[in-house]
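Chain naming here is simple, since letters A, B, ... match the order of the sequence lines and numbering starts at 1 in each. None of the values given here were measured: they were computed from a predicted structure.
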Amino acid sequence: MLTNEEENVYGYAVPTLWPQQFIFPTIVAQNGGSLYEDGEVNFTSPEVVEALQFQVDLINEYNVSPSDIQQDGEVTLFLQGRSAMHFNGPWMLEQFENSELNFGVAPVPQLGTVQEAVFANSHNFVIPEKADEAKLDGVVDFLLYVQENALAWANSGQAPAMKATYESEAFQNVNIQSPQVAKQFEIAVFNPKVENWSQAVNPLMEAVNSALLGQKDVEQALEDAEQEASQALE
Amino acid sequence: MRKKKEIFLTILAIIIALIFMVPLFWMIMTSFKNDFEAIAGGLNWIPKEFTFENYIYTLQQTTEVPVFRWLFNSLFVGIAGTLIIVTVDAMAAYGIARLDVPFKKFLFPMFISTLMIPFVITFLPLYMQFSNMNLLNTYGALIFPYTANAFGVFLLYQFFKSFPKELEEAAYLDGANKWKIFIKVVLPSSKSIIWTLAIFSFMQIYNDFLWPLVATRSPEMRTLTTGIAVMQQGSFVSSYGKLMALTTLATIPILIVFLIGQKQLIKGITQTGIK
Amino acid sequence: MAKSLSKERQKQIRVSKFTSFLFVLPYLTLFSLFLLFPLIYGIYISFHDYNLLAVTHNFIGLENYVDIFTPDTSLNTQFFRGLKNTLQFVVYSVPLLVIVGLGLALLLNNLPKRLTGFFRTLYFIPYAISVSVVSVIFLWILDTNSGLINKYIMEWGGTAIPWLTRQPYAWISIVIATLWWTIGFNMIIFINALNEVPDDLYEAASIDGASAWDKFRHITIPTIKPITLFVTITSTIASFNIYGQPHLMTRGGPGNSTEVLLMGIVRRAFEQRELGQASAMAILMSLLMITVSVIQFRLANSKKRGES
């Protein structure tokens, strides 16, 4: 039992803003669900609803998380040693290591009901429509260069896009987090391939925020978000 | 009876003063706590372990938190903007108040009517203008938008209008030209109001948030105000010791300017109130 | 009449006008480049379908504006939500900004003379600080689990208040932070206004046996009316322009209940890259602000005519 309310210690503080952009789709995928199906926004499907309800229950039913966590409040709790588990990307690693915190890193567990999965996002290269043809060769050269030097990219905590790199010895020593992350590359799930999908994510994140903060109930929040997301994608 | 009332009011004033000063005091004290103590929050007003490490860390960082660069940017933009504003506004205000500027019956109302226009209307097109000319993320982009504001012209116009004419007339009789009169006679007597405009402009520019946020991209071009916001969402998340050190550093220059220029500022504010 | 002046004189006049014009030229140039031109350009953009990544930007007339008013479009939802939130903030903050400003001025004016300057400085200092510093300080002081305020509340046996994550506390927090930050400015204006009220008015009233409250109601308040109007209008404009505090303290939350109009405009321009739509939103917002100011001005002045 990691939670002890009297001592103000909790098992897992549920974030209400960032990085739910990663956490929420992860749980949805782990439920076997998807946020976009057959050309339509799918926020009110049972798997999505369950994903949100589960996190809300962590706060209200299971009491493993305090309520009303403000932005980055869960990071504060983790650093104070009052939240046992914490999800995060590479951005906080240095700070955690510089603190006196005693912590380790493990792959993302299965919080959903059906399968293991992890949501992943990427940094992308984009070539504009009106690009100069003469520059395309140079673009290819640059892409090859990035590929060959994927270790440098990995050193900043990001996931390298070259299999050879992340299977290498050097990669295992980049930091304590990346090798753990790499174990789950095979089960990574990405955003639906919809133009302007980020516009649909905004209302979804607002719904997650509202539900976790007890402002709206889960189904209502997701319904409103679905409507707004559909509008945004039009 | 009078004494009683004074004592009561003084106590009230002290309580209110505490309300105003506590957040600042807390900020400064937190900046001297190491991250662990800072984040423990709690009722530790004075750090158990008084440390300078946050300041050292923040000032040593050069890539992510180029604090000196941010400080330089804020000061440079503030000073440059202020110099331009004061010079240009004084000339324009004097011209309209005292000289035979053609179309001034049209120009002046046009300038003044823009005082009602909020920044929200111009900040997007300004962004596009600078972007189209590839001048975003430059000092020019940071400085020039502030120079179009008509407030200074308005303020100085009022002042010049009520300036006694005898001094200028005497100088004219001595054969001085407009420019000489402006520089040698009028300006020296306007020191007070010009300082007011300068301090006010500097504070507005130094503390501005939205425009520098939108107009700059790279870390080296940011100002202190936007840099703080970036750090608060970035690698200083939950590092309240370091964050407070950064905000304390950012506040020191402006507080100095403020405390020195307070009297001028107050004089100026009260003058604009009387429309 | 011009004919009766010699050619020499005419030339003198022209030259004089020209040199005078040179005084205004620098400001006029900056004004045209960085205020007048953007104003027109902004209106121009608002009549176009202007996506930052698109190759062409078509003229679409008033379509952006129509979309804003068409129910169930994303533009409509965003604009009116933002407007509703900004208006809420204006309604919550302006009365306080005026009344507390006046209150502090009254307090300071009634203190022993040698203390006035000292306290006035203390109350005015927060005004010198930037919005990001103010937001960071309050973000930490109001932290639900570890903030100073809640720690004291819990020490004294209460339960922690979710300052930034629940309404109405989120609005309360933003209003309090804003008051702390900017009230000094209004206070200074009121101090000066109060000092301008002629003493003999008060003396005459005292002779007639008026109480302090009577004096306040019938002498002070009417006399400082123009200043009060000025403070109300400037505070209203400042509150309409709110951006930093909700962006940094609550991120527009909880949910989107503090996403103010300016935030909506910034998001539409830089996240959705729809500059035409954002410009239309900005212009509507400005028109609204100008209208509100004019109404405030008219209301106050018509009352004046009523009581002679």
Side-chain angles (χ1 to χ4, degrees), chain A residues 8-10 13-18 20 59 65-83 126-131 195-216 220-221 224-225 227-234, chain C residues 51-56 67 70-79 81 135-136 138-147 150-151 154 159-170 173 246-259 263-264 267-268 270-274 277:
Chain A
N8 238 323
V9 197
Y10 297 91
V14 180
T16 58
L17 285 162
W18 174 267
Q20 280 290 347
I59 302 175
S65 166
S67 63
D68 290 299
I69 298 202
Q70 64 186 63
Q71 57 174 309
D72 303 315
E74 77 285 355
V75 178
T76 307
L77 285 166
F78 185 65
L79 279 170
Q80 289 170 330
R82 286 164 51 193
S83 169
V126 174
I127 305 177
E129 263 186 328
K130 28 181 193 170
E195 191 178 324
N196 260 339
W197 177 246
S198 58
Q199 299 316 316
V201 170
N202 282 336
L204 179 61
M205 288 300 115
E206 277 166 17
V208 170
N209 179 266
S210 299
L212 288 174
L213 291 175
Q215 293 264 89
K216 281 188 188 172
Q220 182 64 52
D224 292 340
Q227 194 187 34
E228 224 187 295
S230 306
Q231 276 176 10
L233 290 178
E234 266 160 32
Chain C
N51 185 302
L52 281 175
L53 287 181
V55 182
T56 52
D67 277 341
T70 310
D72 269 343
T73 57
S74 112
L75 197 50
N76 172 275
T77 311
Q78 192 175 35
F79 181 81
R81 176 174 62 218
S135 301
V136 162
F138 276 87
L139 191 54
W140 184 223
I141 292 187
L142 296 174
D143 187 284
T144 318
N145 291 304
S146 322
N150 278 350
K151 284 278 177 172
M154 293 197 283
T159 43
I161 297 182
W163 292 106
L164 298 172
T165 51
R166 244 179 240 259
Q167 296 293 8
Y169 302 111
S173 305
H247 176 69
L248 294 169
M249 285 169 70
T250 57
R251 292 253 179 291
N256 47 37
S257 56
T258 56
E259 186 183 296
M263 282 172 76
R267 288 177 87 166
R268 186 144 293 254
F270 297 106
E271 285 177 27
Q272 276 156 287
R273 300 177 291 270
E274 287 292 347
Q277 296 174 347

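Residues A:Q231 and C:T73 have side chains not in contact (no heavy-atom distance under 4.5 Å, counting atoms from C-beta outward). Between C:N145 and A:Q70 the shortest side-chain heavy-atom distance does not fall below 4.5 Å. At a threshold of 4.5 Å between non-hydrogen side-chain atoms, the residues C:N256 and A:M205 do not count as touching. Residues A:Q71 and C:L139 meet the side-chain proximity criterion, which asks for heavy atoms closer than 4.5 Å. For the pair A:Q80 and C:S146, the minimum side-chain heavy-atom distance is below 4.5 Å. Using a 4.5 Å heavy-atom cutoff, the side chains of A:E206 and C:E259 are in contact.
Heavy atoms closer than 4.5 Å to chain A are found in both the backbone and the side chain of C:D72. For a residue to count as touching a neighbouring chain, one of its non-hydrogen atoms must lie under 4.5 Å from one of that chain's; by this rule A:L17 touches chain C with the side chain only. Both the backbone and the side chain of C:E271 come within less than 4.5 Å of a heavy atom of chain A. Proximity to chain A is absent for every atom of C:R268, based on heavy atoms less than 4.5 angstrom apart. Residue contact with chain A, scored on non-hydrogen atoms closer than 4.5 Å, involves the backbone of C:T250 exclusively. Neither the backbone nor the side chain of C:I161 has a heavy atom closer than 4.5 Å to any heavy atom of chain A. Neither the backbone nor the side chain of A:L212 comes within contact range of chain C; no heavy atoms are under 4.5 Å apart.
For the set A:T16, A:N8, A:N209, the entry with the most heavy-atom pairs within less than 4.5 Å of chain C is A:N209. Chosen from C:R251, C:Q78, C:Q167, C:R273, the residue pairing most often with chain A at heavy-atom distances under 4.5 Å is C:R251.
Shortest non-hydrogen contact noted between A:S210 and C:G255 is OG-CA, 3.2 Å. In terms of heavy-atom proximity, C:R166 sits nearest to A:D68 at NE-OD1, 3.0 Å.
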Worked check of side chain to side chain contact (heavy atoms under 4.5 Å, CB included) between A:Q215 and C:S257:
CA-CA 10 Å; A:Q215 293 264 89; C:S257 56; 4.1 Å; yes

Derivation and outcome, side chain to side chain contact (heavy atoms under 4.5 Å, CB included), residues A:Q199 and C:R267
CA-CA 10 Å; A:Q199 299 316 316; C:R267 288 177 87 166; over 6 Å; no

